[in-house]
Amino acid sequence: MTSWKKWTSALLAAGIIVGSGTVWQDSSVQAASVSTKVTTPTEVTLKSGGKTLTQKGLLQGGSTWVSLTAVKDVAGGGLKYDAKAKEYSLTAANNTMTISLIDGAPSVRINNYYPQVEAKLINGRLYIPFSAMRDYLGVQGSWDGKAKTLTLSKVKQNSVTVKAATVKVSIKNAEVDIQYPQVSGLADDKAEAAINKVLKDEVDAFVADFKKQTKEFGDAAANRPYAFESSYVVTYNENGVLGLITQSYQDYAGAHGMTFRTGHTFALDSGKELSLDDVIQNNKTVRETVSKKVGDQLKASGGYLEGYKGLNKDQDFYVTPTGVVVFFQLYEYTAYAEGFPEFPFTYKELLPKGTEPFSGLTADK
């Protein structure tokens, strides 16, 4: 496992990445996420396409868990097992979720990006929480608490393909693994080219900076190589909008490396990159409310370093199927060990009653 992956996995395992504690799920399945304080899992009936699936879901630890094989049956795509690497990989909704068993406890990554997602090995089967299906694999659900039944269905997604592109960089004693997203299949060639240019320019800037830094620092030692890695994950692909997180890591053999994260939200009909103000329909009252709530939570965290005066003009954020996540970079307002502070807000909190996400912003519905 490379240095960046070790760093990210350690943070996730320690549970010290800051967030608001909000569960990103459909309101229709919130009942499935209420903590029961029961250690023994409760069986949940799974339905899809009018049929009852042969496999059962589990209600445990406050979340509804679904086995990988059941996820595949609903999400579609391919499920593969690499016996040598001890990894299962499921590809759906422009993401590849990989669950590794190499270190014993299951660890989850998506396109080499490590989300805050846990997997469980229960009675010889791998399970993921329903929220991970919704956020990354294009599956929505409706929960019937009385019948303990979760009805699953695929989300109608945009007709766009997102694939990883790579950049080959050869630097002495440096581990380089660069993957960045590129889109295809859009009806408007200019919009497609505009989106791909933003993503390519971003990774080119990181590569140029890495080359510059390695020249200034000189060659790394063979037993302590430099590292440069980049990855991405698709966070939203509905209503004519594509949401992505891109992430890059640089390590120059110091005490620790540095990771940089960017949220991208594109209108697919025009190729325009949307700002937070675009998403909240330029509502100053909503922006001020979000700014205050973020500040209150940020200042209450143990790793707060001071300096917060409100949301930035070009505030970092990304979109999910259920809302918007405002975030900050490492060291921006908190100690390094806090990771990336994240603050989720649902669309219901941000938009006028009855307003659909991104309505009026795109023509592609």
Side-chain angles (χ1 to χ4, degrees), residues 1-19 87 95-98 100 102-103 107-117 136 162-182 198-235 244-264 303 316-318 325 327-342:
M1 184 179 288
T2 59
S3 50
W4 170 57
K5 296 180 177 65
K6 288 180 180 178
W7 175 86
T8 311
S9 298
L11 276 182
L12 294 175
I16 55 179
I17 290 184
V18 176
E87 292 182 341
N95 283 323
T96 296
M97 177 181 288
T98 301
S100 174
I102 195 69
D103 295 323
S107 64
V108 180
R109 69 180 187 272
I110 301 175
N111 309 336
N112 285 333
Y113 173 91
Y114 284 77
Q116 294 185 60
V117 172
Y136 302 111
V162 185
K163 290 188 176 181
T166 61
V167 176
K168 299 296 183 182
V169 180
S170 180
I171 298 175
K172 184 179 180 181
N173 294 333
E175 298 175 352
V176 181
D177 183 8
I178 302 172
Q179 297 185 34
Y180 67 98
Q182 292 282 270
V198 169
L199 299 171
K200 182 63 164 62
D201 286 351
E202 178 184 80
V203 77
D204 284 346
F206 274 115
V207 170
D209 183 64
F210 182 64
K211 289 181 177 180
K212 178 183 176 182
Q213 294 295 333
T214 53
K215 286 183 178 179
E216 291 181 2
F217 289 130
D219 292 339
N223 63 346
R224 185 64 172 90
Y226 295 150
F228 182 87
E229 303 172 19
S230 67
S231 60
Y232 73 93
V233 63
V234 177
T235 63
L244 301 154
I245 294 174
T246 56
Q247 187 163 280
S248 294
Y249 170 81
Q250 299 178 37
D251 183 4
Y252 302 103
H256 59 70
M258 277 296 294
T259 305
F260 302 90
R261 180 178 292 177
T262 304
H264 293 285
D316 287 322
F317 76 98
Y318 62 92
V325 181
F327 70 94
F328 300 99
Q329 300 298 325
L330 302 179
Y331 285 130
E332 189 170 356
Y333 295 119
T334 54
Y336 177 83
E338 297 296 317
F340 295 88
E342 293 191 343

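None of the values given here were measured: they were computed from a predicted structure.
- The distance from the OH atom of Tyr249 to the CD atom of Glu175 is 9.0 Å, given to the nearest 0.5 Å.
- Applying the ring-ring contact (aromatic ring centres under 6.0 Å, His included) rule to Phe228 yields the partners Phe210; only residues at least two apart in sequence or on another chain are considered.
- Partners of Thr96 by side-chain hydrogen bond (donor to acceptor under 3.5 Å, both in side chains), not counting sequence neighbours, listed by chain and number: Thr91.
- Tyr252 and Phe217 have tilted rings, their planes meeting at an angle from 30° to 60° on a 0 to 90° scale.
- Listed by chain and number, the residues in a side-chain hydrogen bond (donor to acceptor under 3.5 Å, both in side chains) with Glu332 are Asn312 (sequence neighbours excluded).
- The salt bridge (Lys or Arg N to Asp or Glu O under 4.0 Å) check on Glu202 picks up nothing, with sequence neighbours excluded.
- Under the rule for a side-chain contact (heavy atoms from CB on, under 4.5 Å), the partners of Lys163 that lie at least two apart in sequence or sit in another chain are Thr161.
- No donor-acceptor distance shorter than 3.5 angstrom exists from the side chain of Thr166 to the backbone of Gln179, with no hydrogens or angles considered.
- Every side-chain contact (heavy atoms from CB on, under 4.5 Å) that Asp219 has, sequence neighbours left out, goes to Lys172.
- In this structure, Phe327 and Tyr318 have tilted ring planes: the angle between them lies in the 30° to 60° band.
- For Asn223, there are no side-chain hydrogen bond (donor to acceptor under 3.5 Å, both in side chains) partners two or more places apart in sequence or in a different chain.
- The closest donor-acceptor contact from the side chain of Tyr232 to the backbone of Ala164 lies under 3.5 Å.
- In terms of modelled atom types and a separation under 3.5 Å, the side chain of Asn95 and the main chain of Val234 share a donor-acceptor contact.
- Residues forming a side-chain contact (heavy atoms from CB on, under 4.5 Å) with Phe260 (at least two apart in sequence, or on another chain): Phe206, Gln250, Met258, Gln329.
- The salt bridge (Lys or Arg N to Asp or Glu O under 4.0 Å) check on Asp204 picks up Lys200, with sequence neighbours excluded.
- Considering OH of Tyr180 and OG1 of Thr246, their distance stands at 12.5 Å, rounded to 0.5 Å.
- Residues that satisfy the side-chain contact (heavy atoms from CB on, under 4.5 Å) test with Val198, not counting sequence neighbours, are His264, Phe266, Glu273.
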